[in-house]
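Down below is the structure, laid out as structure tokens.
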Amino acid sequence: MINMKFNKAFAFRLYPTREQEKSLLSQFGSSRFVFNYFLRQRIDFYAAHKGEKKQSLNYFDTAKLLTVLKRAPDTTWLNEANAQSLQSALKQLDVAYNNFFNKRAEFPKFKSKRGKQSFTVPQNFTVSTGSIKIPKIGVLKVVDHRPIEGQPKSITISKTKTGKYFASVLCAVKKTVKPKKTGGEIGIDLGLKTFAVTSDGKRIESPKHLRTAEARLKRLQRMVSRKKKGGSNRTKAIKLLAIQHEKVTNRRKDFLHQTSSRLVCENQEICMENLNVKGMSANHRLAKSIADSGWGEFIRQLAYKSEWNGIRFNQLDRFFPSSKRCFECGWINNRLTLKDRKWTCLECKIVLDRDLNAAKNIFHFARQ
């Protein structure tokens with residue numbers, strides 16, 4: 001028995017009134033302005049004080065400057081927004097800076113009003129059946145398709161490029177996990193031609209959501225490029241393109257969640273390779289297919305779902321020759337190329353399926 005504490009987010013669709021939409025758009029704009037303004041301040045401060053003892057602003061410095069900014073005559077409109085949401089924007093900027101200097105992410109980018117909009121409410125909110133109440137906005141209608149678990153910590157309100165509003169409720173969950181002792185034990189080899197092959201011989205075909213919708217996406221993209229910039233017809237064409245991209249994204253998420261949940265339910269131990277998905281995506285010939293498959297998200301889902309359900313999740317080093325090594329005798333075929341889907345072992349003379357052989361090697365050596 002393991003007592004676990006973790007954060008879990010529950011996303012629900014929002015249906016604001018027209019007046020509430022105006023208030024939400026104002027809050028989006030204020031949070032975006034604060035993020036961009038202090039990103040510029042931090043960049044300029046570093047340029048002016050490079051080589052000195054204090055080279056960069058931190059969260060506390062920007063919080064003090066925000067108080068001064070809200071009192072300035074030109075930016076008094078910031079007082080109409082929720083003050084805690086503006087502070088959350090500063091915290092997000094500080095996290096983005098720390099991630100960059102710790103080499104976990106790229107340098108923070110300025111936010112655009114044409115992209116996805118969001119702001120966070122860290123406290124003073126209420127979650128009820130069919131509604132949520134947040135400061136400066138009021139009570140918003142919500143479709144709560146499932147009950148939330150744990151203690152709510154914060155709410156993030158977002159608007160997609162297609163004009164849909166969502167509320168993501170972050171909850172602190174306490175759970176007692178019992179190690180699972182029933183089900184199979186498998187190794188999984190991810191691929192492009194076949195999405196995944198398990199060590200027990202099962203194959204999961206790749207749905208190729210992006211490839212399927214590629215013809216329509218190209219047509220919609222041509223419609224956008226032919227419209228006059230700044231015109232209403234171009235805005236409509238951009239929204240149609242965004243809707244199609246959203247459909248592809250939702251279909252991919254649905255496939256990954258269903259597949260990962262099924263594997264977790266059926267097995268008590270799962271073994272995979274620790275793939276360098278970002279590095280593999282640098283290959284321009286494979287990048288689109290790798291992104292369409294969603295390997296990184298699939299591995300992430302399997303990892304946290306296994307942890308929540310008491311499943312043993314093991315990962316094999318990415319440099320292990322799982323495809324080149326014969327599972328039966330251990331001979332390594334150094335001449336194996338990506339196009340070779342089947343190959344013959346020169347030691348034991350058996351014909352091996354590349355993906356199935358790799359899955360068996362992953363299962364055997366990841367457990368060790």
Side-chain angles (χ1 to χ4, degrees), residues 8-36 81-82 85-86 88-89 92-93 96 105 108-121 125 127 130-132 134 136-146 148 154-170 207 209-210 212-214 216-221 223-225 227 230-258 291-292 294 296-297 300-301:
K8 189 174 182 178
F10 298 85
F12 305 110
R13 179 79 182 272
L14 287 177
Y15 289 94
T17 63
R18 290 191 176 182
E19 290 299 321
Q20 289 173 337
E21 279 193 50
K22 293 180 182 179
S23 300
L24 288 172
L25 292 175
S26 176
Q27 182 68 65
F28 290 141
S30 299
S31 298
R32 184 179 64 249
F33 174 81
V34 168
F35 184 93
N36 291 342
N82 181 20
S85 297
L86 300 184
S88 295
Q92 291 169 7
L93 175 61
K109 296 180 180 179
F110 291 96
K111 294 187 176 181
S112 169
K113 65 180 180 180
R114 297 180 181 84
K116 182 180 178 180
Q117 308 296 312
S118 67
F119 68 89
T120 301
V121 183
F125 59 86
V127 181
S131 65
I132 60 170
I134 57 178
K136 301 285 181 123
I137 306 294
V139 180
L140 293 164
K141 181 182 177 182
V142 63
V143 179
D144 46 354
H145 57 279
R146 59 172 175 164
I148 63 172
S154 65
I155 291 182
T156 299
I157 308 297
S158 60
K159 180 187 177 185
T160 65
K161 290 184 178 181
T162 58
K164 296 177 182 177
Y165 293 88
F166 291 91
S168 179
V169 185
L170 183 67
H209 299 293
L210 181 61
T212 304
E214 200 166 19
R216 178 165 174 77
L217 286 171
K218 287 181 179 180
R219 185 166 66 252
L220 291 172
Q221 186 63 63
M223 289 174 58
V224 173
S225 62
K227 299 296 186 290
S232 59
N233 287 334
R234 185 180 177 90
T235 303
K236 294 176 184 177
I238 290 174
K239 186 174 182 179
L240 290 175
L241 179 62
I243 289 173
Q244 187 61 37
H245 274 293
E246 186 178 74
K247 288 181 180 179
V248 173
T249 302
N250 290 339
R251 288 168 184 165
R252 183 184 298 114
K253 285 182 179 179
D254 183 62
F255 167 76
L256 295 176
H257 274 293
Q258 288 195 28
D292 193 15
E297 176 64 15
R300 187 188 73 86
Q301 289 182 13

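All values below come from the heavy atoms of this structure, side chains included, with hydrogens, waters and symmetry mates left out.
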If you round to the nearest 0.5 Å, how far is OG1 of T235 from CZ of R114?
-> 9.0 Å
Crowding at CZ, R146 (>12 non-hydrogen neighbours, <6.0 Å) | yes
Spacing of L24 atom CG and S118 atom OG [to the nearest 0.5 Å] | 12.0 Å
Find the distance between CD (Q221) and CD1 (I238) and round it off to the nearest 0.5 Å.
-> 9.0 Å
So CG of L14 and NZ of K141: to nearest 0.5 Å the spacing works out to 11.0 Å
Heavy-atom side-chain contact between Q27 and S85 under 4.5 Å | yes
Between E214 and L210, is any pair of side-chain heavy atoms under 4.5 Å apart?
-> no
Mark yes or no for whether N36, through its side chain, and F110, through its backbone, hold a donor-acceptor pair below 3.5 Å.
-> no
Any N82 side-chain heavy atom under 4.5 Å of F125 side chain | no
Establish, from distance only, whether the side-chain atoms of D254 and Q258 form a donor-acceptor pair under 3.5 Å.
-> yes
Is any side-chain heavy atom of T160 closer than 4.5 Å to a side-chain heavy atom of E246?
-> yes
If every non-hydrogen atom of V139 is compared with every non-hydrogen atom of Q20, which pair is closest and at what distance?
-> O-NE2, 2.6 Å
Once you round to the nearest 0.5 Å, how far does OG1 of T17 lie from NZ of K22?
-> 9.5 Å
May I ask you to test the E297-R252 pair for a side-chain heavy-atom distance under 4.5 Å?
-> no
Do other residues, nucleotides or ligands put more than 12 heavy atoms under 6.0 Å from the NZ atom of K161?
-> no
Is any side-chain heavy atom of H245 closer than 4.5 Å to a side-chain heavy atom of V248?
-> no
Compare every heavy atom of I132 with every heavy atom of A167, then report the nearest pair and how far apart it is.
-> CB-CD1, 3.8 Å
Provide the closest heavy-atom pair for P16 versus E21 in the form atom of the first, atom of the second, distance.
-> CG-CG, 3.7 Å
Given L140 and I134, is the side-chain contact (heavy atoms from CB on, under 4.5 Å) satisfied, shown in steps?
-> CA-CA 8 Å; L140 293 164; I134 57 178; 3.8 Å; yes
Side-chain contact, heavy-atom cut-off 4.5 Å: V34 with L93?
-> no
Would you say the side chains of S31 and Q92 form a donor-acceptor pair under 3.5 Å?
-> no
What is the minimum heavy-atom distance between S131 and V142, and which atoms define it?
-> N-CG1, 3.1 Å
Let me see the working for I148 and F12 under side-chain contact (heavy atoms from CB on, under 4.5 Å), right down to the final yes or no.
-> CA-CA 10 Å; I148 63 172; F12 305 110; 3.6 Å; yes
Would you check if the side chain of R234 reaches a backbone N or O of K227 as a donor-acceptor pair within less than 3.5 Å?
-> yes
Does a side-chain heavy-atom distance below 4.5 Å link I155 with V127?
-> yes
In terms of the angle between their ring planes, are H209 and F255 parallel, tilted or perpendicular, with boundaries placed at 30° and 60°?
-> perpendicular
Flag, side chain of Q117 to backbone of K113, donor-acceptor distance under 3.5 Å | yes
Output field: ring centroids F28/F119 closer than 6.0 Å | yes
Inter-residue atom distance I137.CD1 - E19.CD, 0.5 Å rounding | 11.5 Å
